[in-house]
Amino acid sequence: MTAAATPKTEPRITSITAWRVELPLHEGTYKWSGGNQVVNFDSTVVAIETNLGITGYGEICPLGPAYLPAYAEGARTGIKELAPALIGQDPTGLMALNRRMDAAMRGHPYVKSALDVACWDILGKLSGLPVATLLGGRYGSEFKLYRAISQESPKQMANKVGDYRQEGYTKFQLKVGGDPDTDIERIKACAEKLKPGNVLVADANTGWQMHQAARVVDAVRDVDVYIEQPCPSYEECRAIRDRTARPFILDEVIDSQAMVLRAAQDRAADVINLKISKVGGLTKARQIRDLCVSLGLAMIVEDTWGGDIVTAAISHLAHSTPPEFLFAATDFNSYVTKSIAIGAPKRKDGMLAASEAPGLGITPLSDALGDPVLRVG
Ligand code: MG
């Protein structure tokens, strides 16, 4: 006897909910170029519910409003604007879903990021697979992290190198992009604290003019340090790249596959910084990641900032990146005092691993989220 085929219920998005969460820092303040600082990170958590009873989660947390063309309230306003276009759509058709988001709202990749990540969480839960598997497969048991060192005096930053090494980190990213003479001191003081195998990056976050960057790279020509995004524009960065033998990282200007191709063709970078929300979510970050692997470009895999859910999303993308191309990743949930989800990856000896549970492997803590600020559907 043949059983009648059960009609398959197609997954559909039924509602989108968002919460605003404040994430204070263990160190009180995070400072970078141009006198910018953040005391309390303003993060947005998104839940996408489906007709199948499965809910996916995502998170977007800009590094304040002055880092990229993105800000926290803008994420929420954008999600409110975009959500109606997603109700009734299939959350597992990630490329089709991204096309729909791009058709409904031009640009604003950071608005789309948490929505895209929540749909990857749904796809993982529906298929019973961790997101890392869906992104191409897990490499090894863990991967390396770097530690960002907030902009302080050269001595304070050098001391932090020692402190963070005690916590297991071996890669250190200094926030420079301030007064060039102080920045030269910062880089030299921190370099003196390095042990064999340690890696030092000086990230100016677009903070130098070309003449300032030229002075810094010349003064540190004998220091084993990577130079990251010295100036605002791609052209200015290229001009500095041509004047230094130091390995070079591009970050803020790398926001698309087209920019990766341009940088690769121009040999403008040795490493690129891939931030999930900068490019619009995991779907586009994976495309860029795979393009970088094909081009032989190493990557820092991370996001602008975030808590447990952003850290989980980073961990799945990083853990599914071939290790020789993964320069480092970031565990933002260890920088902040507040936990917003259980199951998020936790740093151990400077290393992190993605959850092996289906989806992102996290469950938000309703007490930490409080009341929603937005519900559509
Ligand atoms: Mg950077």
Side-chain angles (χ1 to χ4, degrees), residues 25 29-38 41 60-70 109-110 113 144-152 157 160-161 164 169 171-178 183 186-187 190 199-209 212-213 216-217 220 225-234 236-238 240-241 244 246-256 259-260 263 268-280 285 288-289 292 297-306 310-311 314 317-318 321 325-332 335:
L25 287 158
T29 318
Y30 182 76
K31 297 179 194 159
W32 69 101
S33 68
N36 287 302
Q37 59 170 306
V38 171
F41 279 93
I60 163 67
C61 185
L63 179 51
Y67 173 64
L68 287 176
Y110 74 110
S113 185
K144 243 177 204 179
L145 298 164
Y146 84 81
R147 184 76 195 197
I149 299 184
S150 176
Q151 194 174 98
E152 306 288 350
M157 291 176 81
K160 291 261 176 75
V161 170
Y164 288 131
Y169 292 104
K171 301 190 174 201
F172 309 96
Q173 190 214 55
L174 314 177
K175 290 292 153 191
V176 290
D183 284 336
R186 288 179 172 122
I187 294 167
C190 291
V199 173
L200 190 65
V201 176
D203 186 0
N205 289 113
T206 75
W208 293 322
Q209 291 182 26
Q212 297 173 318
V216 177
V217 296
V220 302
V225 61
Y226 289 70
I227 303 296
E228 180 167 341
Q229 190 77 36
C231 302
S233 72
Y234 177 76
E236 289 162 295
C237 288
R238 270 206 70 193
I240 300 305
R241 159 78 161 172
T244 177
R246 299 296 94 229
F248 214 78
I249 304 174
L250 286 177
D251 181 352
E252 283 87 335
V253 294
I254 301 292
D255 58 2
S256 61
M259 279 307 298
V260 169
D270 305 292
V271 180
I272 66 123
N273 187 311
L274 175 56
K275 292 184 163 75
I276 294 169
S277 67
K278 182 176 64 177
V279 301
I288 291 175
R289 187 269 311 271
C292 285
L297 260 175
M299 286 155 274
I300 297 165
V301 172
E302 60 167 352
D303 209 328
T304 46
W305 205 273
V310 159
T311 305
I314 291 169
L317 185 62
T321 298
F325 289 101
L326 183 65
F327 183 85
T330 317
D331 63 320
F332 287 114
Y335 290 60

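Counting convention: from 1, in listed order, for ligands and their atoms alike.
With no hydrogens or angles considered, a side-chain donor-acceptor pair links D303 and S277 at under 3.5 Å.
A side-chain hydrogen bond (donor to acceptor under 3.5 Å, both in side chains) with N205 is found for one member of E228, K175, Q229, Q151 and no other, namely K175.
For D203, the nearest N, O or S atom to the Mg ion (ligand 1) falls under 2.8 Å.
Look at R241 and D270 and you find a salt bridge, because one of the NZ, NE, NH1 or NH2 atoms lies within 4.0 Å of a carboxylate O, short of that distance.
Side-chain rings of Y226 and F327 approach one another, their centers coming within less than 6.0 Å.
Looking at E228, its N, O or S atom nearest to the Mg ion (ligand 1) turns out to be OE2. When the Mg ion (ligand 1) is compared with the N/O/S atoms of D251, atom OD2 turns out nearest.
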